[in-house]
Amino acid sequence: MTRGHTITIEQGARHVRVVHDGQVLAETDRALVLRETGCPARYYIPAEDVRLDLLTPSDTHTHCPFKGTASYWSLPGAADLVWAYPDPKPDVAPIKNHFCFYEAEVS
């Protein structure tokens with residue numbers, strides 16, 4: 001991490017549900033909450049709780065100097081809606097095999 005930049009990951013205590021156009025894409029009580037300097041809190045959902053059968057891998061990849069290289073998945077009409085870090089950096093290893101969506105309902 002660079003000076004002043006922090007990332008924390010903790011076990012979430014709330015129910016997280018992801019719905020797009022009325023279809024549930026993910027639902028869990030086991031989400032991890034990732035907080036990163038300058039970014040909103042993000043919920044990383046275990047792969048077992050994500051409807052991967054509805055998502056199509058994208059050709060998009062981005063690199064974060066703190067988390068590693070992200071891969072993306074899409075829905076028809078919703079490009080790059082979800083991402084994951086298949087091989088995250090050691091400091092954020094708990095997010096491996098977890099998916100993150102741009103919008104999630106939290107209750």
Side-chain angles (χ1 to χ4, degrees):
M1 304 279 165
T2 59
R3 188 179 179 128
H5 187 96
T6 62
I7 295 178
T8 61
I9 300 170
E10 60 193 39
Q11 183 62 54
R14 301 172 75 184
H15 185 78
V16 177
R17 186 173 192 235
V18 179
V19 179
H20 183 78
D21 286 341
Q23 186 164 40
V24 176
L25 302 178
E27 191 159 11
T28 191
D29 290 319
R30 305 180 302 144
L32 298 176
V33 183
L34 184 142
R35 290 183 172 82
E36 181 174 4
T37 301
C39 299
R42 295 287 186 196
Y43 293 89
Y44 280 77
I45 299 172
E48 300 83 20
D49 298 337
V50 176
R51 292 285 314 272
L52 296 173
D53 59 309
L54 300 175
L55 301 169
T56 303
S58 163
D59 290 331
T60 302
H61 298 279
T62 58
H63 181 75
C64 170
F66 308 108
K67 295 185 291 286
T69 300
S71 297
Y72 289 76
W73 286 259
S74 301
L75 287 171
D80 301 336
L81 180 70
V82 59
W83 69 92
Y85 290 89
D87 189 24
K89 294 199 172 205
D91 285 345
V92 295
I95 65 172
K96 184 178 179 91
N97 298 319
H98 286 66
F99 290 79
C100 189
F101 293 77
Y102 280 105
E103 294 183 23
E105 299 173 12
V106 180
S107 57

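Source: prediction; values computed, not measured.
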Quick check: closest heavy atoms across [X] and [Y], and the distance to 0.1 Å?
{"X": "Ala41", "Y": "Arg35", "result": "CB-CG, 4.1 Å"}
{"X": "Ala31", "Y": "Gln11", "result": "O-NE2, 3.1 Å"}
{"X": "Gly68", "Y": "Tyr85", "result": "O-CE2, 3.4 Å"}

Taking the side chain as C-beta and beyond, is there a heavy-atom pair between [X] and [Y] under 4.5 Å?
{"X": "Leu75", "Y": "Val82", "answer": "no"}
{"X": "Arg17", "Y": "Glu27", "answer": "yes"}
{"X": "Tyr72", "Y": "Thr62", "answer": "yes"}
{"X": "Thr28", "Y": "Arg30", "answer": "yes"}
{"X": "Ile45", "Y": "Val16", "answer": "yes"}

**OP:** Using the side-chain contact (heavy atoms from CB on, under 4.5 Å) rule, take Ile7 and Asp91 through it: C-alpha gap first, then chi angles, then the decisive distance, then the call.
**Re:** CA-CA 8 Å; Ile7 295 178; Asp91 285 345; over 6 Å; no
**OP:** Report yes if the distance between the aromatic ring centroids of His5 and Phe66 is under 6.0 Å, otherwise no.
**Re:** yes
Original post:
Hey, do the aromatic rings of Trp83 and Phe101 have their centres closer than 6.0 Å?
Top reply: no
With rounding to the nearest 0.5 Å, note down the distance linking [atom1] in [X] to [atom2] in [Y].
{"X": "Leu54", "Y": "Ser74", "atom1": "CG", "atom2": "OG", "result": "13.0 Å"}
{"X": "His98", "Y": "Leu34", "atom1": "NE2", "atom2": "CG", "result": "11.0 Å"}
{"X": "Leu55", "Y": "Leu81", "atom1": "CG", "atom2": "CG", "result": "7.0 Å"}
{"X": "Phe99", "Y": "Glu48", "atom1": "CZ", "atom2": "CD", "result": "9.5 Å"}
{"X": "Asp59", "Y": "Asp80", "atom1": "CG", "atom2": "CG", "result": "9.0 Å"}
{"X": "Asp49", "Y": "Asp29", "atom1": "CG", "atom2": "CG", "result": "8.5 Å"}

Original post:
Hey, is Glu36 close enough to Arg42 for a salt bridge, meaning N to O under 4.0 Å?
Top reply: no
Original post:
Is Asp53 salt-bridged to Arg51, cutoff N-O under 4.0 Å?
Top reply: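 Yes, charged N to carboxylate O under 4.0 Å.
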Original post:
Under the 3.5 angstrom rule, does the side chain of Lys96 hit a backbone N or O of Pro86 as a donor-acceptor pair?
Top reply: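 Yes: the side chain of Lys96 pairs with the backbone of Pro86.
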Original post:
Any donor and acceptor pair, going by atom type alone, linking the side chain of Thr37 with main-chain N or O of Thr6 inside 3.5 Å?
Top reply: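 Checked: pair present.
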Subject >> His61 and Thr69 side chains, donor-acceptor separation under 3.5 Å >> reply: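 There is no such pair (donor and acceptor under 3.5 Å, judged by atom type) between the side chains of Thr69 and His61.
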Original post:
Hey, quick one: are Leu32 and Tyr102 part of the same hydrophobic cluster, counting side-chain heavy atoms closer than 4.5 Å, chains of contacts allowed?
Top reply: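 Yes, it is one cluster - the side chains of Leu32 and Tyr102 are joined through contacts under 4.5 Å.
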